[in-house]
Amino acid sequence: MYSRLRVIKNYLALSIIVVTSLVCLIPLASILYIALREGGNTLLELGLRFLIELPPTPLSPSGGIAPALIGSIISSTLALFIAVPPSFMLAYFVTEFPRHPFSKVCELVVRSFMGVPSIVVSMFVYYTLVIPMGTQSIIAGSLSLSFVSLPYAYVYFTSAFRSIPSNIREAAMALGMSRVRALRYVYVGLLRRSLTTGLLVTYLRAFGDTAPLLFTMGFLTSTVFAGLLKPGNALPLLIFVYALSPYETFHRVAWGATLVLLLIYLALFIVTRSLVRGVKL
Amino acid sequence: MSAYAVEVDNLTVKIREVIVLRDITLRIRRNTIFVLMGPSGSGKSTFLRTLNRLIDFVEGSEVRGSVRVLGRDIYEVDPYILRSKVVMVSQEPNPFPHMTIYDNVALPARLNKVARSKRELDGLVRWALERVMLWDEVKDRLRDYPHTLSGGQRQRLCLARALAAKPEILLLDEPTANIDPANTLRIEESLRNLRDEVTVIMVTHMPHQAARVADHVALLYDGTIVEEGPAREVFMNPRNDITNKFLRGVL
Amino acid sequence: MIFPSKSDRLLFYSTLPLVVGVVGLLLAIVSVTLALAWPSIERFGISLLLSSAWKPSDDPLAESYGLAPAVAGSLYVAMLATLISTPLSIALVLTVTEVLPRRLGTFLRYVAEVMGGLPTVIYGLWGSSVLVPLLRDTFMRPLHEYLGFIPLFSCEPVTGYSALAASIVLAIASTPYMAALLIEGYQMIPSKYREGAYSLGATKYEMLRIMLGILKPYMVAASLLGFSRTLGETTIVALTVGNSLKFTTCLLDPMYTIPSLIANQFESAGLYRYALPTLFTGALLLLFICLVASYLGIKLIYAWRGRVYV
């Protein structure tokens, strides 16, 4: 029977639950507000020049984030190119032959990969690529990013492939299409939206990741782009280094960069979400 | 060149240790319409899926015995090549939703290189759609998508898609089970006209449909062939009591 | 396993090098880390885990390093962060899936997803310049004043940068991730259990308790995965934990975690003989614990899935 105690307990518990979850989400509002305030100041000072100028020295009044912006764009794109093809093929293989021992090995290994801390990946690439090359470089940073992104892209692609309805698979097979043909002519078309979203999500993740770049990317401030085999910079890296520094100028630039990063992130996020919503089957 | 499209000897199929088809021996001639009839659950779909090796995808499936299609043992050829010559149409219409009506019909033909130029392809698509009597209904909206078609039209689309692949054998798994009577009759009529170009092996649980369409029939009951022969004979003088019961609809 | 078809074989042989490559990469990471850590393990042995010194020197014989503060700090921060974010994410999941009306729930889920993917460096910067001073004045000072007799709070929070601060920011950042995991698991529970609870006369809250009971192993798994993630986190921690080598058990004191130690000391470590290997030893420890934790977490999830679908 519904004693009053039970009913009260019910309401009380539910309210606590709701309030707790709101507590989790308030920080986002604070982050947005502070970023707009602090970063906004910096951006208002310089306007769009913030995006094109070079970073300041500790004593100069202001500077921009051009090498970091370019470096982020380039390294995320490269990371995408390196990580996506293997994870795509592996995801396809695992969903087509789920019972093959190789698929089981693959699933285990790739999912374990997600447990590797990204700073360890950075150290690994440092030792295996940066030291032999003699310098930190954009390519090293991109490689590091791609290693970290690979398992996430793989998980995304496997869930996309698993969502193909079995009657479509049967139709393709019953018409005599080979698996690869079916992939190319049927599955990819069907999964157009999920696959694009997967690419965007992977790009976004690589764009905002800091730890993989720590020992591999370098910290370029003297020019906007020095070449793929030379040091570069990246937005999250710049923010991190400047935030740790004691100089006021650097802090201002860090906030400006934070606002830029936040805006890029939100913009791409909204794009990917609106893509996902429009799937019609 | 064998006179038979399909030669089955002592075929036994088990799925997860359950015997679905028991010691089946059958001959199906070329260019006939062969109908395998029987009550639901008797193993008819499994038989079709054995012929084109779709059963390979079923977990726990075991196939014993010999199956020769177009003179060759099906386990000695590449299954994808087999399936391009032995094309199946499923019970549930499944046109590819992200491709236009035209592209759906054209796809297998394009892949199997049946047509060599755009004009040939156009002609083939038209021919296939005419055969299933869908051409007049869709000729002005070939660039539309399948979801704009009714269920019956979609099934005819799938049939056209299968025909455009120019198969040697056409497998039909209860093609009109989910279709309204008008479309059912149209589909049956188009099947009757296909005899010269393909061998049709159809599965149905409706004896009247078998009577309307078949040259040759066989009754599958509980995994075994209970009776088979030319359609007229079986329907007029069934030798087996089970056949009798099935034809009268009491099975 | 034999592939009967030529095109299947082609697919297999072209994917094979990728599988080998991925397995090889994982093995390479583990073995390179081990190899580079070895000089330090050989030289210092178990004292790495016990000593809190960090004395670089040009004379290799005078060098002395210990990872104790970093290891302790890592465990402190990760455990505290997981302890904080687990109940929070449970509350979030329940709110989003059951308590709120559909539209509001979806909106909140959207917000949580935004938070989940937000670059960690933004959390770190915000945490260090906004949250830490706030925490210090409103939370940590009173904690020290009133509960200072407990060793956990016995030190005075001067700057606010501490294990507690790092754990809180880390918890805020990883709650969305854990919540997403839990939502996935929650939605895997067949609806018949939910209906069963209601049809026995349970109130919503009571039904939720039953569902949580079913979800419990999954929650443990999600906590393990969350723990593994927070252990490996670098940016947030480096910006909020204070980066001090002093070994301490007080949560209000600045500390080190293994990733933040590595991030801070890596550059200068190359100059000394045993510094870099020591950092790699730290990395090795980190790698080991994280791999074990996430492996256990994944196995638990698979086992749970098998039971729930019966």
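Proteins get letters first, then strands, A, B, ... in listed order; numbering begins at 1 in each. Scope of the values below: all heavy atoms of this structure, side chains included, with no hydrogens, waters or symmetry mates.
Using a 4.5 Å cut-off between heavy atoms, B:V86 touches chain A through its backbone atoms (N, CA, C, O) alone. When heavy atoms are compared at a cutoff of 4.5 Å, B:L107 approaches chain A solely by way of its side chain, counted from C-beta outward. Proximity to chain A is absent for every atom of B:P167, based on heavy atoms less than 4.5 angstrom apart.
Residue pairs meeting the side chain to side chain donor-acceptor pair (under 3.5 Å) criterion with at least one member in residues 165-178 of chain A, sequence neighbours excluded, are A:E96-A:R169, A:E170-B:R49, A:E170-B:S90.
Between chain A and the residues B:E92, B:R83, B:R110, the most heavy-atom pairs under 4.5 angstrom are made by B:R83.
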Starting from the C-alpha separation in whole Å, work towards a yes-or-no answer on ring-ring contact (aromatic ring centres under 6.0 Å, His included) for A:F88 and A:Y92. CA-CA 6 Å; A:F88 184 82; A:Y92 185 63; 7.2 Å; no

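Contact check for A:L145 versus A:S142: no side-chain heavy atoms found under the 4.5 Å cut-off.
Residues passing the side chain to side chain contact (heavy atoms under 4.5 Å, CB included) test with A:L263, sequence neighbours excluded: A:L259.
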